[in-house]
Amino acid sequence: MEDAAQEKQIHVTIQGAAQESKFTESAGKAIGNQQSSVPLLNQYKRWLLMALFALLVLFGQSAATLLGRLYYVKGGNSKWLSAFLQVAGFPILLPFLYNTKNRKNNSTEQTKPPSPIVLGSIYMVLGTLLAAVGMLCSVGLLYLPVSTFSLINATQLGFNALFSFFLNSQKFTPFIVNSLVLLTTSSALLVLQNDDSSGFSKSSKGKYIIGFICTLLAAALSSLILSLTQFAINKILKRQRVKELFDFLIYESLVASCILLIGLFASGEWKTLTAEMNKFALGKTSYTMTLMWIAVCWQIFSIGIVGLILKVSSLFANVISTLGLPIVPILAVFMFKDKMSGVKAVAILLAIWGFISYIYQHYLDDLESKSRKKDVSSNEISLIQN
């Protein structure tokens, strides 16, 4: 009897150990499946946001540029107003900022926010640079052909690569370098176009040089703004949330708007706006709507740019922006009856090729990230089972 009882007890112990082993194994598998599904969901969400921000950049830039050209073609002539419209649409973002401030922060980040003096200094610097870019671009478009203006703007990629290398430790791979070369070449081809119909060929040599210098400075400052924004978010704020995105957009736009508004009144151009509206070829209502939608579209572009900086990098944001340069000539064919030449077609194909090259590099980075996370999950499962 005693031997039978001991044998039964041993059997129960073995059976319990087997059940515990099965439970541990099933728990490990469940944890592994849960951990593998979460990173996959995050990757899909990240790519979806990247696509959304890229579409905002392309739509905002193309629409704002075409409407800006419509403003000049139909009788607009104010450089300060044109620059002001690039930043004046920021009030439409205030409801979004209010909404993000009232959300509960579920993040585990407990970083100490910078002092108001530091934040104010950041917004003042970026806002001043943004105002300078707007004015420089207005002067450049006034004195240069559109093709030359696009060529000089393509140098943003080179400037941004330089600034990102020093400020944000941007790494370069063969695919990224290939993308930069293709996109820069794509924009450079636009200089081969003849814009005799635009009237820019009659500009004096002095005005041409002024336009060239202003556009080159605008390209450099635009790249500097992107790199400084990424640096401020990553190194100073140390928080990558939607609130920071809207803070940067609204406060730097507010500073830039104040500077450009002062310039508009100080220059005396505001006195000619009433006559300009009365002489606008499409009428007073169309004049007002054109100005309003220029401001709105530039804010859409800004949301996309800062969103790409937040999710990827300033270099990627600049690549998407450069991709949009050949889109405008295509749309101009239908809106302004511009001619589509073989050179423009080649420029568009090169831009698409460069864009795919850069996206492919990010795809490879995601595969590498997934592989590392999978190895970590496998190690955690092994520890649980042991």
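We're numbering straight along the sequence, starting at 1. Heavy atoms only: backbone and side chains are in, while hydrogens, waters and symmetry mates are out.
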For this session: Following the transitive rule for hydrophobic clusters with a side-chain heavy-atom cut-off under 4.5 Å over Ile, Leu, Val, Met, Phe, Trp and Tyr, establish whether L126 and M124 coincide in one cluster.
Result: no
For this session: Decide yes or no on side chain to side chain contact (heavy atoms under 4.5 Å, CB included) for L56 and F301, but give the supporting numbers first.
Result: CA-CA 6 Å; L56 291 179; F301 169 76; over 6 Å; no
Problem set entry | Atom pair OG/CG of S286 and L70 - distance to nearest 0.5 Å | 8.5 Å
Problem set entry | L273 and M277, any side-chain heavy atoms less than 4.5 Å apart | no
Seminar exercise, completed: Distance col, row L94:CG vs I250:CD1, nearest 0.5 angstrom, shows 4.5 Å
Exercise. What are the two closest heavy atoms between V139 and C214, and how far apart are they?
Worked result: CG1-SG, 3.8 Å
For this session: State, yes or no, whether a side-chain contact exists between V118 and S115 at a heavy-atom distance under 4.5 Å.
Result: yes
Exercise. If we only count heavy atoms from C-beta on, is the F53 to V57 side-chain gap below 4.5 Å?
Worked result: no
Exercise. Counting only N and O atoms by type, is there a donor-acceptor contact under 3.5 Å from the side chain of E276 to the main-chain atoms of G76?
Worked result: no
For this session: Go through the steps for I213 and L136 under the test side chain to side chain contact (heavy atoms under 4.5 Å, CB included), then give the verdict.
Result: CA-CA 9 Å; I213 295 174; L136 290 170; over 6 Å; no
For this session: Quick one: closest heavy-atom pair of S82 and S138, and the distance?
Result: OG-OG, 3.6 Å
For this session: State the CG-CG distance between L224 and L217, to the nearest 0.5 angstrom.
Result: 11.5 Å
Exercise. Out of curiosity, does L55 fall in the hydrophobic cluster containing F59 (side-chain heavy atoms, cut-off under 4.5 Å, transitive links)?
Worked result: no
Exercise. Name the one of T128, L129, I122 that satisfies side-chain contact (heavy atoms from CB on, under 4.5 Å) with V125?
Worked result: L129
For this session: Answer yes or no: is there a donor N or O on one side and an acceptor on the other, between the side chain of T272 and the main chain of E269, under 3.5 Å?
Result: yes
For this session: To the nearest 0.5 Å, tell me how far I117 CD1 sits from L119 CG.
Result: 10.5 Å
Exercise. Under a 4.5 Å cut-off applied to non-hydrogen side-chain atoms, are S253 and Q299 in contact?
Worked result: yes
Exercise. Counting only N and O atoms by type, is there a donor-acceptor contact under 3.5 Å from the side chain of N278 to the main-chain atoms of T274?
Worked result: yes
Problem set entry | Distance-minimising heavy-atom pair for W298 and A64 | CE2-CB, 3.4 Å
Seminar exercise, completed: Rounded to the nearest 0.5 Å, the CZ atom of F280 sits from the OG1 atom of T288 at a distance of 9.5 Å
Exercise. When you measure from the side chain of Q86 to the backbone N and O of A295, does any donor-acceptor pair fall under 3.5 Å?
Worked result: no
Exercise. Should P174 and N178 count as side-chain neighbours, where that means a heavy-atom distance under 4.5 Å?
Worked result: no
Problem set entry | From CA spacing to verdict: side chain to side chain contact (heavy atoms under 4.5 Å, CB included), W47, M50 | CA-CA 5 Å; W47 278 96; M50 285 173 58; 4.2 Å; yes
Exercise. Do you know which two heavy atoms are closest between A63 and C297, and how far apart they sit?
Worked result: CB-SG, 3.6 Å
Exercise. Under 30°, 30 to 60°, or over 60°: which ring-plane class applies to Y287 and Y71, parallel, tilted or perpendicular?
Worked result: tilted
Exercise. Under a single-linkage definition using a 4.5 Å side-chain heavy-atom cutoff for Ile, Leu, Val, Met, Phe, Trp and Tyr, are V87 and L67 assigned to the same hydrophobic cluster?
Worked result: yes
For this session: Output the distance between atom CD1 (I262) and atom CZ (F84), rounded to the nearest 0.5 Å.
Result: 11.0 Å
Exercise. S78 and L264: which non-hydrogen atoms are nearest, and at how many Å?
Worked result: OG-CD1, 3.9 Å
For this session: Check the hydrophobic clustering (I, L, V, M, F, W, Y; side-chain heavy atoms under 4.5 Å; chains of links allowed) and say if F265 and V255 are grouped together.
Result: no
Exercise. Quick one: does S222's side chain have a donor or acceptor within less than 3.5 Å of a partner on A218's backbone?
Worked result: yes
For this session: Give a yes or no on whether L221 and L260 share a hydrophobic cluster (residues Ile, Leu, Val, Met, Phe, Trp, Tyr; joining criterion: side-chain heavy atoms under 4.5 Å apart).
Result: yes
